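For reference, the structure is listed below as structure tokens.
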Amino acid sequence: MWAGATVSATGDSASWVALVALSLGTAHASLPILVALYTAPVAVGGLVAGWALDRFDRRRLMIGDSVLRGAAFASIPLAVIFGQLASGQLYAVAAIYGLFKMISLAGFPALIPSLVSGTQIDQANALEGVTYGLASLVGAGLAGLAVATIGPVPVVIFDAASYLVMALCLWSVRELSAPARRPGPHRTRTPAAGFRAVLHLVARNPVLRDTTIMFALFNIGEGALLVFLPYRAVQLGLGSGGYGFLVAATTAGELLAAVLLARHAWRASLRASIIVAQITAALVVLLLVIHSTVVTVAALVALGLCAAPMTAWAQSLRMRLAPPQAHGRLFALLRTTMQATPPAGAALAAVTLGQGTLAAVVAIAAAMGLPAILLAHNLLSSATETDHGAPRASSTRAGQPGAEQAAARTRRPPPRART
């Protein structure tokens, strides 16, 4: 399963670089519109994906997603062969990608607790970061080289093939468990009904609520970077593959951080660590005001070093604060919320770039750092027994849905944090 995920994520990272090159080249597409369509449909598809992951066989859903998105990307080289590629097709493929993205993005973390023991969750989450970090690094770096030498179309062909590899890998791992199903009234029949208890849990739990808000606003900054970095690559004279090289710098930092977390247990407070990492990420982004290739690459590597641990730490907290049978809905809800905000970042970049590099970089840094500063006190004052990575030791009472029970627990006064 990890091998298939690595190949598929490599193709995704590479294909985005190729789509950017096509939009700026033969297709004459608008980059802000492409970014918005690549990310905005997650808000619609994510909620349905979470409900489906908790109700149906997760492996089969992820196989269907791989086949569908692979076919969408395969349509691009076919259109090029017949000389029919236009901006509208790039927009359509980007929208399909975003609409179904959450099936795999929420599906993998939903499967992790069923594959490893509670004491290994932190390392498993870091390993997921290693997988995607390595894939993103290789994909973006090779895509940048390929776009500069043989063009973007072969890169898209590789991405389409990577979805097929992912589907075959999932099909071969038949022991992956389906979600827990409950007969009778507790089995949810609609997405809305299935999300009510999870929404209540997130709203009442300060760790889930505040980290989601922080990350959603942080992703506005990352969405702006998606628009800013191609322009920075042009400013630095890095050529048509320069954007891929800059993306690879960020993912190199993410990979390094994920490897360190996978090899060493993190003992510090996860809440405090998340806050420090997010504020630090915002500070290093400010270095992008300096018009230098070395400084730009160093800033992006440092950004990756901060961003990857944030994701792993928050995911560990979420896994312990919600029961496994609600993980599909929980991860889909939270990741949908966080993935729905980059389009706002694309709009932010479109506005601020007209005012110059300084305005764009300051706006990106503010979107990333201010939420952590404003929510730090509330997040640090919220007590949780899971804060230092200790596995949650609790059981679900018979007859009560897991998400509902978790939500009920949040209504009781939490224990005082130890000092």
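Note that the structure is a prediction, hence the values are computed from the model and not measured. The basis for the numbers below is simple: all heavy atoms, side chains too, and nothing from hydrogens, waters or symmetry mates.
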Without swapping roles, check the side chain of R58 against the backbone of L53 for a donor-acceptor pair under 3.5 Å.
-> yes
Taking only residues two or more places apart in sequence or in another chain, which ones pass side chain to side chain donor-acceptor pair (under 3.5 Å) with R232?
-> Q235, T296
Distance, nearest 0.5 Å, that separates CG of D210 from CG of L379 = 5.5 Å
Please round to the nearest 0.5 Å and tell me the distance separating atom CE of M214 and atom CD1 of I275.
-> 5.5 Å
Given side-chain contact (heavy atoms from CB on, under 4.5 Å), test L288 with V285 step by step and report yes or no.
-> CA-CA 6 Å; L288 294 177; V285 164; 4.2 Å; yes
For Q278 and M368, indicate whether the former's side chain and the latter's backbone hold a donor-acceptor pair under 3.5 Å.
-> yes
Atom of S104, atom of M62 and distance for their closest heavy-atom approach = CA-CE, 4.3 Å
Going through the checks in order, is the side-chain contact (heavy atoms from CB on, under 4.5 Å) test met by W313 and R271?
-> CA-CA 8 Å; W313 293 328; R271 293 170 297 153; over 6 Å; no
Hits for side chain to side chain donor-acceptor pair (under 3.5 Å) against Q89, two or more places apart or cross-chain, chain-then-number order -> S75
Can L303 and E254 be said to form a side-chain contact (heavy atoms from CB on, under 4.5 Å), step by step?
-> CA-CA 8 Å; L303 174 63; E254 293 174 347; over 6 Å; no
Hey, what do you get for SG (C306) to CG (L283), rounding to the nearest 0.5 Å?
-> 9.0 Å
Measure the CG-OG distance between L236 and S292 for me, rounded to the nearest 0.5 Å.
-> 7.5 Å
Look up atom CD1 in I81 and atom CD1 in I76, then write down how far apart they are to the nearest 0.5 Å.
-> 12.5 Å
V247 side chain reached by L226 side chain, heavy atoms, under 4.5 Å = no
Can you find a pair of side-chain heavy atoms, one from K101 and one from Y38, that are under 4.5 Å apart?
-> no
Least distance between heavy atoms, A49 atom then I103 atom = CB-CG1, 3.8 Å
Contact summary for P371 and A366, nearest pair of heavy atoms | CD-O, 3.7 Å
Might you work through the side-chain contact (heavy atoms from CB on, under 4.5 Å) test for L229 and L300, ending with a clear yes or no?
-> CA-CA 10 Å; L229 290 181; L300 293 175; 4.1 Å; yes
Say you draw a straight line from CG of L246 to CG of L225; how long is it, rounded to the nearest 0.5 Å?
-> 10.0 Å
Contacts of L164 meeting side chain to side chain contact (heavy atoms under 4.5 Å, CB included) (sequence neighbours excluded), chain-then-number -> L168
Cation-pi check, R69 onto Y97 ring (under 6.0 Å, within 45° of axis) | yes
For D65 and F100 the tightest heavy-atom approach is OD1-O, 3.1 Å
Is V67 close to Y163 at the side-chain level, that is, under 4.5 Å between some pair of heavy atoms?
-> no
If you look at every heavy atom in R209 and A203, which pair is closest and at what distance?
-> NH1-O, 2.9 Å
Counting only N and O atoms by type, is there a donor-acceptor contact under 3.5 Å from the side chain of R318 to the main-chain atoms of L208?
-> no
State, yes or no, whether a side-chain contact exists between F228 and T352 at a heavy-atom distance under 4.5 Å.
-> no
Specify the closest pair of heavy atoms between N205 and V207, including all atoms of both residues, with the distance to one decimal.
-> OD1-N, 3.0 Å
Do V297 and F245 touch side chain to side chain, with heavy atoms closer than 4.5 Å?
-> no
